[in-house]
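Remarks on the structure that follows.
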Amino acid sequence: MAVRSGLWPALLGIVLAAWLRGSGAQQSATVANPVPNPVPGSSPDLLPHFLVEPEDVYIVKNKPVLLVCKATPATQIFFKCNGEWVRQVDHVIERSTDGSSGLPSMEVRINVSRQQVEKVFGLEEFWCQCVAWSSSGTTKSQKAYIRIAYLRKNFEQEPLAKEVSLEQGIVLPCRPPEGIPPAEVEWLRNEDLVDPSMDPNVYITREHSLVVRQARLADTANYTCVAKNIVARRRSASAAVIVYVNGGWSTWTEWSVCSASCGRGWQKRSRSCTNPAPLNGGAFCEGQNVQKTACATLCPVDGSWSPWSKWSACGLDCTHWRSRECSDPAPRNGGEECQGADLDTRNCTSDLCVHTASGPEDVALYVGLIAVAVCLLLLLLVLILVYCRKKEGLDSDVADSSILTSGFQPVSIKPSKADSPHLLTIQPDLSTTTTTYQGSLCPRQDGPSPKFQLTNGHLLSPLGSGRHTLHHSSPTSEAEDFVSRLSTQNYFRSLPRGTSNMAYGTFNFLGGRLMIPNTGISLLIPPDAIPRGKIYEIYLTLHKPEDVRLPLAGCQTLLSPIVSCGPPGVLLTRPVILTMDHCGEPSPESWSLRLKKQSCEGSWEDVLHLGEEAPCHLYYCQLEAGACYVFTEQLGRFALVGEALSVAAAKRLKLLLFAPVACTSLEYNIRVYCLHDTHDALKEVVQLEKQLGGQLIQEPRVLHFKDSYHNLRLSIHDVPSSLWKSKLLVSYQEIPFYHIWNGTQQHLHCTFTLERVSPSTSDLACKVWVWQVEGDGQSFNVNFNITKDTRFSELLVLESEGGVPALVGPSAFKIPFLIRQKIITSLDPPCSRGADWRTLAQKLHLDSHLSFFASKPSPTAMILNLWEARHFPNGNLSQLAAAVAGLGQPDAGLFTVSEAEC
């Protein structure tokens, strides 16, 4: 202890001398290496510990910030900023004694100005640290970072005005201005703060977007995004959100009383567009608010007597009688009965009673009855004879197959022989033969008959007595007259015309097919779907999503185009098949798929839940990877809607890159489209780019977009800076999740604008990335010459849309009509050996639909209809023939028309 006491005076002298030299010279701005002075009463065995350490602070405008440091036991405390000691004169020191321990403590404060921080701005962050000494050593405090606070004026992204329907989701994006510290974001609704904790229908995402799960009328307001930090408070431009309500019809009133009390009149009923009434610009109800129908009130008819009958023979009581009936007319509908007696009796012997035998009137009656019986018997024999002769003639006609094939001979199909001709591939030659159909096939009648051919296919002209003749010939004036007469009817005048997204045609019991080119949409009308003796003009229409508002609830999304086939309400005796694309990745674990149909009142109804179909249901659906085939006996407006059951549910997006064919300025735009992977969406974009003068610059890619609420991002990279300059101000662009998921937004795309350094620059090489946050992504390597490279332009050439895309009669089907009938007749009856329609369904991989096929009068016809819908026009008839022939049925009985059916 004595040795230590002897060292203190020496150390104190050295320190004081060095300190005085530093202060007197005033050459050093900082404390080079401060050494502590001993403080009487201090404990030499304790290291200093900090009671107060400096904390991170922000400099607001030009106000300096204060840093405070306090330690015990401490003999000296100095600040070091960015590795340099702060001058002693800049320290404010206060010494005290810690009340709890009695040890000496020291508190030091310094001010840091904006100028000090700006000297090192951009090199590294400005920081300060305390160093405290005691007799036992030194201790360093934590580092405190000093930053200059700011908040820029302009928002990186502001919310935009929107109009949404009731219960639809709303997403208002907001990206606040750049600032330090980062700005906090809050939302104002009509200047009132939006508090998600008070309203579960609203939440704010991590990207500061305001999301309203289901729009309500109360959500109609002006929304403002507010960003603030310690420096300033910024407001975005207000976005007006209007929640509209589409009108809905009320229920129909009861029919009014018939306007006529006797005879034909009218009665009506009405409804109003008040369920709900349209609000905030919502669409008014479609359809009529008043319906009229004819009515007839039966008029009362008073009864009247028929003439008296002849007098009867004189009876044993010497009287005879005569009668009459109240039947000329009989009283009905509340009319009065006849007045008077219906029987008149008189004495027939002038009061002399004489017995008489049967008179000549009785003999004539008996002779007449016998003659009528003989005539009826002869008539029955004649009818039986005529029926037998017709049956013999019909069998011979069916055996003579030239009525359909002009030389078609009986041939058996055997799959083992590759060179055997397949009868299914033989098309009927209808250009040389006119065939009359009435139930089964029979020869046509001799004599001339008018011929005509419509531009949309072959038409079966209506003949008398329920007979129909199939004609193939050149167009004539009679055909034009027929179409003009058909178009003058009220119903046909209401059909829309002149659009590339529509097809229509005139059909009868032979059926046909309607197709909208380049859309994957078609309607197959099988034979006998239209009742015999009826002729329908049927249309097929593709709607744009913005033209038909389809309400989607919860997490539902539109997976297919919205398609109408009509007219609604026509009588069909067999299901037709509607084919349309879809963009869903079908999986029972990930999706709940429903077929929606619009009712006559305009509301949408779920008519089919895929996977839960009832065999006897009016609707059925065969779902495949990219298309669905809908069996329906009622025409109308349909759409396929999916509801995600998990985040694994995904939609297929088609990614397309387009750029101008010719570039006349320094700027060059690359447009990246994100579409549903359906033919109709692709057709719309190709037509749009054709108008804009664009060309495809890369092969299309498919991206699986999941139901994860994450947005789709697009960016461009590796642009050669010596030749091109990107004008994109941010690192990537985004398409909001809900814009893609709801399926009603068309032509979603982002544009990347590049600028050439020189007009002579023509080669472009870069990368375009498209990805979903935490999901799937695709990368395009763009490398082409913008002036002459067209190697990808042929990938999306559309088919010609000239003419009316309809096929009528046998030309609409791959399988010849007579061969089809033979297959149906042979495979419909159950077979103990299993060679029936069930085995055919298994061979065609349709055995999951056996219950549906079995519920129909002809299961084989349903299978063949589905095969026609799936494989037209490129179906392989040889494979179908081999499948049918391999069922074990006798070949000759199935594929020839000259032998008896099985």
request  = With side chain to side chain contact (heavy atoms under 4.5 Å, CB included) as the test, would you mind laying out the steps for Glu684 and Asn501 before giving the verdict?
outcome  = CA-CA 10 Å; Glu684 291 287 337; Asn501 287 334; 3.5 Å; yes

request  = Check the pair Leu524, Phe813 against side chain to side chain contact (heavy atoms under 4.5 Å, CB included), reporting the backbone distance first and the verdict last.
outcome  = CA-CA 9 Å; Leu524 179 73; Phe813 304 97; 3.5 Å; yes

message = Run Lys651 and His676 through side-chain hydrogen bond (donor to acceptor under 3.5 Å, both in side chains) and show every step you take.
response = CA-CA 8 Å; Lys651 298 172 66 172; His676 283 176; 2.9 Å; yes

Side chain to side chain contact (heavy atoms under 4.5 Å, CB included) between Val563 and Leu578, worked out = CA-CA 9 Å; Val563 180; Leu578 176 63; 4.0 Å; yes

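Salt-bridge check for Arg652 with Glu585: passed, with a basic side-chain N closer than 4.0 Å to an acidic carboxylate O.
Shown here for Cys583 and Thr678, the closest heavy-atom pair between the two residues is N-CG2, 4.1 Å. The minimum heavy-atom distance between Leu635 and Val570, with the atom names listed, is CD1-CG2, 3.7 Å. The shortest non-hydrogen separation linking Arg574 to Asp528 is CG-O, 3.5 Å. Between Leu807 and Phe507, the closest heavy-atom pair is O-CE2, 3.5 Å. Minimum interatomic distance between Ala529 and Ile525 (heavy atoms only, all atoms of both residues): CB-CG2, 4.1 Å. In terms of heavy-atom proximity, Gln556 sits nearest to Pro551 at OE1-O, 4.5 Å.
Side-chain N or O atoms of Asp836 include one that pairs as donor or acceptor with a backbone N or O of Arg838 at under 3.5 Å. Counting only distance, with no hydrogens or angles, the side chain of Ser522 and the backbone of Met515 share no donor-acceptor pair below 3.5 Å. Side chain of Asn865 to main chain of Ala861: a donor-acceptor pair is present (N/O by atom type, distance under 3.5 Å, no hydrogens or angles). No donor-acceptor pair under 3.5 Å is formed between the side chain of Ser826 and the backbone N or O of Ile823.
Gln634 and Tyr619 form a side-chain donor-acceptor contact under 3.5 Å, judged by distance and modelled atom types alone. His871 and Lys814 share no side-chain donor-acceptor pair at under 3.5 Å.
Under the 4.5 Å side-chain criterion, counting only non-hydrogen atoms from C-beta, Phe638 is in contact with Leu595. Within the 4.5 Å cutoff, the side chain of Leu550 has no heavy atoms near those of the Pro545 side chain. Looking only at side-chain heavy atoms (C-beta outward), Thr573 and Ile530 stay at 4.5 Å or farther from each other. Under the 4.5 Å side-chain criterion, counting only non-hydrogen atoms from C-beta, Gln598 is not in contact with Ser603. For the pair Leu623 and Leu593, the minimum side-chain heavy-atom distance is below 4.5 Å. Contact annotation: the side chain of Ile577 never approaches that of Leu523 to less than 4.5 Å [non-hydrogen atoms, C-beta and beyond]. Between Leu571 and Pro531 there is a side-chain heavy-atom pair separated by less than 4.5 Å. With a 4.5 Å cut-off on side-chain heavy atoms, Arg820 and Pro527 count as touching.
Listed by first and then second residue, the ring-ring contact (aromatic ring centres under 6.0 Å, His included) pairs that reach into residues 582-606 are Trp591-Trp741, sequence neighbours excluded. Contacts classified as salt bridge (charged side-chain N to carboxylate O under 4.0 Å, His left out) and involving residues 860-882 (residues at least two apart or in different chains) are given here: Arg513-Glu868, Glu624-Arg870.
Residues Phe852 and Phe631 place their aromatic rings such that the two centres sit under 6.0 Å apart.
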